[in-house]
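Written below as structure tokens is the structure these notes are about.
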2 protein chains.
Amino acid sequence: MVIFVDMDEVIADAYTAHLEIYNQEFNAQVKIEDCFGKEFWQTVPEIHQESIKGHTRRDGFFAGLKVMPDSQEVLEELSKKHEVYIASAAMEFPQSLREKSDWLDAHFPFIPWQNRILCGNKHILKGDVLIDDRSKNLDFFDGRSIMFTSPHNTNVTSFERADTWKDIAEKLL
Amino acid sequence: MVIFVDMDEVIADAYTAHLEIYNQEFNAQVKIEDCFGKEFWQTVPEIHQESIKGHTRRDGFFAGLKVMPDSQEVLEELSKKHEVYIASAAMEFPQSLREKSDWLDAHFPFIPWQNRILCGNKHILKGDVLIDDRSKNLDFFDGRSIMFTSPHNTNVTSFERADTWKDIAEKLL
């Protein structure tokens with residue numbers, strides 16, 4: 001089985017990073033619960049939104065992301081039984097490409113370079129399972145689309161869903 | 001129609017770059033005709049081969065590649081009629097990722113970031129046409145595989161072939 005796994009919000013915790021940077025730089029106290037059903041930038045005053053949209057163009061943003069709980073253990077097991085690819089829509093952010101490659105080396109060394117994909121849209125992926133947090137990616141996939149729960153997608157009901165990596169283990173291991 | 005186009009040896013002239021670097025650094029006179037049917041490193045004395053294999057890990061190697069003749073004009077026309085993606089197996093060389101993105105910005109600005117793919121193997125591409133110089137990529141493709149002629153593949157007979165971008169224009173425009 002060929003399984004594609006997204007990076008941000010699935011194995012890398014970008015949402016918390018946005019929140020921590022914003023709270024620190026604007027001396028704010030936004031909590032994850034405040035964000036359900038919205039993009040992070042939509043949860044803050046309009047005057048601060050451009051600053052947040054710039055986070056993903058900062059050097060070091062992607063390098064510093066925390067690993068999502070249990071994703072390493074479950075992906076390592078999945079990789080023993082299936083062809084697991086990491087597929088990240090990263091081409092919009094050229095400074096992120098090297099950071100994402102290095103981040104995978106550091107945290108997911110059992111996913112070899114042959115199985116890593118940095119792309120623009122994901123319409124071109126051919127495989128059996130796609131685990132992603134975005135409807136725009138899952139919509140176009142021919143195989144089994146699994147939405148990984150993230151604050152911004154809590155109101156989406158059109159996909160099979162996994163809330164945690166333990167859920168993924170139950171579904172696919 | 002979804003068309004995937006490889007970078008090195010198809011739109012970017014890596015082979016000539018290898019040859020020019022080698023001739024300069026080893027005061028040699030290797031010509032393209034000496035290379036037919038071989039990887040470039042196989043055309044030089046064994047004692048020099050490791051040096052050549054290191055070219056693709058040097059900063060600036062990919063940034064400096066020349067554009068293949070007529071590839072810009074033909075790809076721009078193809079892009080008006082079809083979904084054209086650039087797909088490069090670049091993940092082996094992390095320092096190349098940003099260089100390749102910047103090189104596409106400079107020479108193929110009409111291919112937007114949404115249509116750029118940096119990957120490991122190309123088994124996962126879903127589309128109609130793949131233009132590539134490597135059997136290992138063309139072999140696995142479900143659609144129409146077109147081998148773009150490069151010195152190293154002159155002896156391969158198992159694929160439809162294009163020798164130049166004018167050939168591609170005749171086939172696909």
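In what follows, every chain begins at residue 1, and chains take the letters A, B, ... in the order their sequences are listed. Just so it is clear, the values below take in all heavy atoms, side chains as well, and ignore hydrogens, waters and symmetry mates. Computed from a predicted structure; not experimentally measured.
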What heavy-atom pair brings A/Met91 and B/Arg116 nearest, and what distance separates the two atoms? CG-O, 3.3 Å

Is it true that atom [atom1] of [X] has more than 12 heavy atoms of other residues, nucleotides or ligands lying nearer than 6.0 Å?
X        : atom1 : answer
B/Lys38  : NZ    : yes
A/Lys166 : NZ    : no
A/Lys66  : NZ    : no
B/Glu33  : CD    : yes

Same apolar cluster: B/Met7 and B/Val10, side chain cutoff 4.5 Å: yes

Is there a path from B/Phe62 to B/Tyr22 through hydrophobic residues (I, L, V, M, F, W, Y) whose side chains come within less than 4.5 Å of each other? no

Max heavy-atom pairs within cutoff under 4.5 Å with chain A, candidates B/Val2, B/Asp142, B/Asp105, goes to B/Asp142

Of the listed B/Leu97, B/Leu104, B/Asn115, the one with the largest count of heavy-atom pairs under 4.5 Å with chain A is B/Leu97

Taking side chain as C-beta onward, heavy atoms only, is B/Arg98 less than 4.5 Å from A/Arg98? no

Gap separating the SG atom of B/Cys119 from the CD1 atom of A/Ile124, nearest 0.5 angstrom: 8.5 Å

Would you compute the distance between atom CZ of B/Phe93 and atom OG of A/Ser101 and round it to the nearest 0.5 angstrom? 12.0 Å

Who wins among A/Asp102, A/Ile117, A/Asn121 for the most heavy-atom pairs under 4.5 Å with chain B? A/Asn121

Options A/Glu83, A/Lys122, A/His123, A/Gln114, ranked by heavy-atom pairs under 4.5 Å with chain B, top entry: A/Gln114

